Structure formats: structure tokens, C-alpha cells
S.K.: 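Submitted below is the structure of interest, expressed as C-alpha cells.
Remember, predicted model here, so these are calculated numbers, not experimental data.
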Amino acid sequence: MTHHQVTHRQAERASDGTVCARCGAVAEGAPPTWTCSVENGERRYFCDDCARDNIRAIEGRLDSTWW
């Protein structure tokens with residue numbers, strides 16, 4: 001895990017919104033434009049910028065640790 005990523009458990013603890021698993025950005029509620037990925041049985045959410053920057057890896061179903 002890189003310093004840009006947060007764990008799913010950290011995202012669950014964020015009481016003020018959804019946390020991007022890559023950059024740590026926080027959004028209120030469940031933003032409809034964010035990407036949700038299930039990796040190793042855990043949901044990970046990615047903000048618009050992180051999803052856009054890594055769309056090919058996401059569509060290729062590569063785990064976020066790869067990209």
C-alpha cells in the first residue's frame with residue numbers, strides 16, 4: 001500500500017463521508033460519480049480524479065495495489 005492509499009477500515013471510520021481509497025479525498029455521503037471496486041471481498045471507493053487517472057486498470061479489473 002502506498003502513502004496515497006487508505007485502507008477500507010479507515011474509510012469505514014470516516015463518519016463525515018466517503019473516503020477515496022487512493023488519495024484520501026472525502027465526500028459527503030455516497031457520491032454518485034465515484035467508482036466502487038470490490039477487491040479481496042472489500043469495497044473500495046475512488047474519487048473522480050483517481051478513477052479517471054486509472055480507468056484502464058479499473059476496467060481491466062486490476063487490484064488498486066497494482067496501479
Side-chain angles (χ1 to χ4, degrees):
M1 181 165 59
T2 68
H3 69 281
H4 294 286
Q5 294 176 310
V6 295
T7 66
H8 177 67
R9 289 188 180 148
Q10 287 172 317
E12 285 182 329
R13 289 185 200 143
S15 61
D16 54 347
T18 304
V19 179
C20 177
R22 183 139 180 99
C23 72
V26 179
E28 289 186 32
T33 58
W34 281 31
T35 300
C36 178
S37 175
V38 178
E39 299 176 15
N40 299 318
E42 293 183 12
R43 287 184 187 206
R44 295 177 187 246
Y45 295 91
F46 300 98
C47 69
D48 297 332
D49 291 335
C50 289
R52 191 176 303 115
D53 290 346
N54 297 286
I55 192 67
R56 287 185 184 208
I58 293 168
E59 287 178 346
R61 300 191 183 273
L62 299 172
D63 283 348
S64 59
T65 54
W66 185 86
W67 42 278

S.K.: When rounded to the nearest 0.5 angstrom, what is the spacing between CG in Asn54 and OG in Ser37?
M.R.: 11.0 Å
S.K.: Under the salt bridge (Lys or Arg N to Asp or Glu O under 4.0 Å) rule, collect the residues that match up with Asp49, sequence neighbours excluded.
M.R.: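 So Asp49 forms a salt bridge (Lys or Arg N to Asp or Glu O under 4.0 Å) with Arg52.
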S.K.: Of all heavy-atom pairs between Ala25 and Trp34, which one has the smallest distance, and what is that distance?
M.R.: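 Nearest heavy atoms, Ala25 then Trp34: O-CH2, 3.5 Å.
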S.K.: Which atom pair, heavy atoms only, marks the closest approach of Thr18 to Pro31?
M.R.: OG1-CD, 3.8 Å
S.K.: Within the 4.5 Å heavy-atom criterion, are Thr35 and Tyr45 side-chain neighbours or not?
M.R.: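 Contact flag for Thr35/Tyr45 side chains = no.
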S.K.: So which atom in Asp48 and which in Thr33 form the shortest heavy-atom distance, rounded to 0.1 Å?
M.R.: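 Looking at all heavy atoms of both residues, the shortest contact is OD1-O, 2.8 Å.
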